[in-house]
Every structure is written in C-alpha cells, then in structure tokens.
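Structure first, commentary second.
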2 protein chains.
Amino acid sequence: MSQTVDRALSILPLLAQGPADLGQVAERLGVHKSTALRLLRTLHEHGLVYRQQDQRYRLGARLFALAQEAVENLDVREIAHNHLVELNEQCGHTVHLAVYEENEVLYIDKVESRYPVRMYSRIGKPVAITVAAVAKLLLADLTEPERRAIAEKLDYPMYTSRSVPNAGAFLRELAVVREQGWATDLGGHEESINCVGAPVRGADGRVVAAMSVSAPNVVVTAEELLTLLPLVRRTADAISREYSGSTPTEKA
Amino acid sequence: MSQTVDRALSILPLLAQGPADLGQVAERLGVHKSTALRLLRTLHEHGLVYRQQDQRYRLGARLFALAQEAVENLDVREIAHNHLVELNEQCGHTVHLAVYEENEVLYIDKVESRYPVRMYSRIGKPVAITVAAVAKLLLADLTEPERRAIAEKLDYPMYTSRSVPNAGAFLRELAVVREQGWATDLGGHEESINCVGAPVRGADGRVVAAMSVSAPNVVVTAEELLTLLPLVRRTADAISREYSGSTPTEKA
DNA sequence: AATGGGCGTTGCACATGATGCAACGTCGGC
DNA sequence: GCCGACGTTGCATCATGTGCAACGCCCATT
C-alpha cells in the first residue's frame, strides 16, 4: 500500500539471506542506488540493519530486541511456561508451545530436557505445518472454509513415508483432530520422532495455542508415548483454565 | 532520512510495548489515522505486524523468522558453538557468547547447564553494558575516542554495591581489561553471580566477540571461578584461531 | 607512481506518491 | 433504536521520495 515502506521492508528478507552491498540491494529492489541508500540509512537509524566493516549491510541487533519483546508480550506463553516445565519434569521429554498466525505456525516456547543447547534455533523457524501435532491442533480449530483454503495453498513435502501426502488427507486429519481434541505426529516429520499434543483454549473456547511432547523412538515407543496423553491433556487444560481466568490481554 | 519509512519503523518499538489500536498508533506517531492505517497495512503485508481478533495490532511472526535468520548468519556464533558446549561440559557452568553492535552488547549464544529453560529470554535483551564481563571485553577493544564517547553516554545503574559507578571508573576498568586481555564481573550485576570472560579475535586482531563463564557464589567462590581463567582463555583462543583460519565472511 | 574502474555518496529538478481532510459504514453500548 | 467511537475510503494538495549525473574515494592493475 505504501510504496516507500514496501520497498524498505523488502530489504529485510533480502538481507536475511546474507550480507549484501548497496549495488546488490538496489538491483534486487529494482530501484536506483541512491534510493536504496536512503532506505538503508533509514533502516540503519532504527537499528534494523547493520553495516559491517566491509560496508556491506546485514540485519541488525534491534530485530532481536523486537522479537524478544514481542514474544514476552504473549500472555499465553507466560502463563503456560511453568506448566510446560512441570510437564517436562514429569515425563522428561521435549515440550513445545506453538501459536498460529497468518498462515504460519511457530513455536513460542520449548523445554528440552536432554540437550539444553541451541534452543532458540527452533523459535521463529517455519514449523512443518502439514505434519506437526501442534500445527494440526491449531489449524483444526479454524472454520471449515478457512481450513479448506489453507489446505489447498500448502505444499505437502514427504519428509518421511508417513508424512501427510496431500490436501485431502490433511483435511481428513484435521477433522479427526477437531473431533477428538488431541493430535499426534507419528514419524511424519522425522522417521524416529513421535509427538502427542493438546490444545490450549481461551475463555470463548477457541484454540489460542497448542502444546506437544516429543520423543525419539529409541527412548520410548509410540505406544508408550501415547500413554502420556492424559497427562498432556491435563496440562493443556490447566493452562486453558488459568488463561481464561486471568482476563487475557488485559494488562497495560 | 526517509520520512515515510521512518514513521513506519517507529511503529515497531511502539507495538513492542504492547498491542495498540489504530487511534493510539496515529496519536503516538503524530499523524492522521488514515496515514497510520496505510503504514500499518504495509507492515502487515510484510508480516511484521499482526492484527488480533480485537483489531488491535501487535508485532508479527515474521520478526521471529528474521531475527532467527539474522542470528544464523553470524558465522562467529556457528564456529564458537561447539567450543562453548565443550567448555560447559568441562566446567558445568553457564557459558555466554556476545557481540558488540552499534552501542549495544547482545548475547548471541548461551549454554546453560542446570536450567535449560527460557534460554532465548536473554538473547536480544540489553546486556548490562557497564558491568558484564563480555561488555567490558568488547568495549575495551574500541579506539580511545570511541570508548570515551560511549562511556559518557552510558547510564551507570548501581545494580549492586560493586557495580561500576561512573564513566571514569568504567574507562579505567576498560583500560585494565584491554591490558590484561580478560575481564571479570564479580557481583557487579547480581550480588551473588560472578563471571570470567575472554575475547575472540579475528584475523586482524580485532575483538569480534566475547565469551564468559558465569556461576553463583553458592556453587563456587569467586576465587574458584578465577581458576577457570586459563581454560576460558584457551577456549576463546581456539575459537579465534578457527574463526581466523576459515576465511571469515567468505561464503555466499 | 600513474591510471582506471568500481562503489558509495551528494545535490538537484521533477512528478510521483504520501498526506490530511471529510464523509461514510459499522459495530457496540447506554 | 439511537448515539458515539472507531476503522475505512476517495480525493485534492503538495510535500517527499525518486532517478539522474557528477563527484570523490579506495583499491587493483600495469
């Protein structure tokens, strides 16, 4: 809608692929160098873009700060966190919390028992939306036309032989999930990883987030993991209750 | 430099404080509602801003993705990570990696032994720049006028009685750090936490990052922590060597 | 040393595109 | 069922962003 801003913002994903110099930015934007320069300068002033010694531009530190503040303002996450930790202590497996937003599903919290490292490497990454248990839970709550629209737009990569293959299968899966109120991913993303998940609901019953427990085959079989389902659902329900009770999105 | 983009970008930190509706955004920007609307729409198209059910705006998911890609493009971090993990396995304490950028110091990696949770809660957060060991290391490498300029611009909050109190003390501390090639923070940020840090240098000798080991008094005394200094320096030097050797910022 | 090319930068004239206004539509509340 | 608040739209004005061309700088080449 606003050409100037549109161009400026287009620079960000461009730089996300790696540093670039002024000429490259101008070319890929299809504008004159001087125009690109002014846009970059403006981005720079706001800290979204950083200029390294070789004068090339890359994404700046303020982006982290913004993403950080953004995630901290999600009250679901704040409420859920203690419950996730507790669940992790009880079962020992990796616990995820995710939300749906604008055709994307993203993790907003994670508690991992065994490898504490590189935790943030998942946050913000595109979730395998067609197979992940949390994605199914979040999409299953949309209206039927919404589900259909999204299902048709998606790609269905065959991560494994058990990945959801196409829109039809996905919609059927969503119907099942919607009906039963929980979801699984049994080796659909990585052959040896299984997940069980349950939805977190707001006061109006709408799904506001989804959580899941993941574990590799070598630790527990899929059947054993499924025995955790009651525990997972209880945890999700506890979060739902607390979230509904504490007047969501009410503070400052 | 570019008014339109400048206004649009000013919306982001504004929303970082919490969701806001169109009127609030327009007012705080000092522009007409219709102008704010178009800016928000453009931000929305790029996924930087999200519109929740109550029509209020908040920061969007794409920010996470961008911050994520940005951090992955930092090759220091990639190279350092294994070394940090190794160090953590040897000493058991929390290990940090930080860089300096545009008057800010930020953590770009962290390995925590005891509480694997909420790791990302530190990433992107403003580091206590006047007291943190990594901050001293990074600032100590700047030129004298740069150091002076920054030292005078900073605030010197007294987190504890041992916090660095003012610009003069800070500059003296930086001189010491610059001289000795390592830094500490002994209860300057939190009364019971001590840190020891060492710099990571590029091929030209400039400090490109800094790392530190942190531990609470109740686990090890400051003196015991200081015995780790050789190990910390060895790790930092190993990272420096690998970073310098592998032709930094050279791939794609 | 001297020269040439590449890249970032600046000032400027032009007109495109951003701005504020006022009017309309819609939703929610007293 | 009316009133007020808020988001939304079309439009006339002109402020602002745009591309051009010229400059200066650094590095690489001979």
Side-chain angles (χ1 to χ4, degrees), chain A residues 1-12 14-15 17-60 101-102 143 202-204 206 247-250 252, chain B residues 1-12 14-15 17-60 101-102 143 202-204 206 247-250 252:
Chain A
M1 275 261 135
S2 166
Q3 187 187 74
T4 318
V5 178
D6 185 56
R7 286 173 171 173
L9 297 182
S10 301
I11 293 177
L12 297 178
L14 193 155
L15 290 183
Q17 299 167 14
D21 62 32
L22 178 61
Q24 294 168 338
V25 171
E27 189 190 5
R28 298 188 59 177
L29 272 186
V31 300
H32 196 271
K33 280 188 304 177
S34 58
T35 304
L37 179 65
R38 259 170 333 106
L39 297 178
L40 282 165
R41 277 222 251 261
T42 311
L43 289 167
H44 180 86
E45 277 177 19
H46 286 260
L48 300 184
V49 144
Y50 177 69
R51 194 153 202 194
Q52 29 188 40
Q53 284 97 343
D54 60 357
Q55 288 206 115
R56 292 193 304 168
Y57 295 91
R58 63 171 173 74
L59 296 180
E101 175 174 329
E102 217 94 14
T143 66
D204 54 0
R206 289 205 47 171
T247 53
T249 65
E250 198 57 48
Chain B
M1 276 262 137
S2 167
Q3 188 186 72
T4 318
V5 178
D6 185 56
R7 286 173 170 172
L9 297 183
S10 301
I11 294 176
L12 297 178
L14 193 154
L15 290 184
Q17 299 167 15
D21 62 33
L22 178 62
Q24 294 167 340
V25 171
E27 188 189 5
R28 300 188 60 177
L29 272 186
V31 300
H32 196 270
K33 281 188 304 178
S34 58
T35 303
L37 179 65
R38 259 171 336 108
L39 297 178
L40 282 165
R41 277 222 252 260
T42 310
L43 289 168
H44 181 85
E45 277 176 17
H46 285 259
L48 300 184
V49 144
Y50 176 69
R51 196 153 200 194
Q52 26 189 40
Q53 284 96 345
D54 60 358
Q55 289 206 116
R56 292 192 305 167
Y57 295 91
R58 62 169 173 77
L59 296 180
E101 177 173 328
E102 216 95 13
T143 66
D204 54 359
R206 289 207 44 171
T247 54
T249 65
E250 198 56 46

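Letters A, B, ... are given to chains in the order of the sequence lines, protein chains preceding strands, and every chain is numbered from 1.
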Subject >> Relative orientation of the end axes in the helix from C/dA1-D/dT30 to C/dG29-D/dC2, expressed as an angle to the nearest 10° (five pairs per end) >> reply: 50°
Subject >> Close side-chain approach of B/Leu9 to A/Leu9, heavy-atom, < 4.5 Å >> reply: yes
Original post:
Do B/Val31 and B/Val25 have side-chain heavy atoms sitting under 4.5 Å apart?
Top reply: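 Side chain of B/Val31 against side chain of B/Val25, heavy atoms only: no contact under 4.5 Å found.
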Original post:
Which pair of non-hydrogen atoms, one from B/Leu40 and one from B/Tyr57, has the smallest distance, and what is that distance?
Top reply: CD1-CE1, 3.4 Å
**OP:** Looking only at non-hydrogen atoms, find the nearest pair between B/Arg7 and B/Leu39 and report the distance.
**Re:**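 Looks like CB-CD1, 3.8 Å.
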Between atom [atom1] in [X] and atom [atom2] in [N], what is the gap in whole Å?
| X | N | atom1 | atom2 | value |
| --- | --- | --- | --- | --- |
| B/Leu39 | C/dG20 | CG | C1' | 13 Å |
| B/Leu9 | C/dA18 | CG | C1' | 16 Å |
| A/Leu37 | D/dT16 | CG | P | 19 Å |
| B/Arg41 | D/dG10 | CZ | C1' | 13 Å |
| B/Gln3 | C/dG20 | CD | P | 8 Å |
| B/Asp6 | D/dA15 | CG | P | 19 Å |
| A/Leu43 | D/dG17 | CG | P | 13 Å |
| B/Asp54 | C/dC27 | CG | C1' | 14 Å |

Original post:
Ion pair present between A/Arg206 and A/Asp204, side-chain N to carboxylate O less than 4.0 angstrom?
Top reply: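 Not counted as a salt bridge, because no side-chain N and carboxylate O are separated by less than 4.0 Å.
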Any donor-acceptor pair under 3.5 Å linking the side chain of [X] with the backbone of [Y]?
| X | Y | value |
| --- | --- | --- |
| B/Gln24 | B/Asp21 | yes |
| A/Ser2 | B/Thr42 | no |
| B/His32 | B/Ser34 | yes |

**OP:** Within residues 25-35 of chain B, find the residues that approach DNA chain C with a heavy atom at under 4.0 Å, and present them sorted by residue number.
**Re:** B/Val31, B/His32, B/Ser34, B/Thr35
Original post:
Does the side chain of B/Thr4 get closer than 4.0 angstrom to OP1 or OP2 of D/dT16 through an N or O atom?
Top reply: no
Original post:
Should we say atom CD of B/Glu27 is surrounded by more than 12 heavy atoms from elsewhere, each under 6.0 Å from it?
Top reply: no
Original post:
Where each residue is assigned the nucleotide of DNA chain C containing its nearest heavy atom, which of A/Gln55 and B/Arg7 is assigned the position nearer the 5′ end?
Top reply: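 Mapping each residue to its closest nucleotide by heavy atoms, the 5'-most match is A/Gln55.
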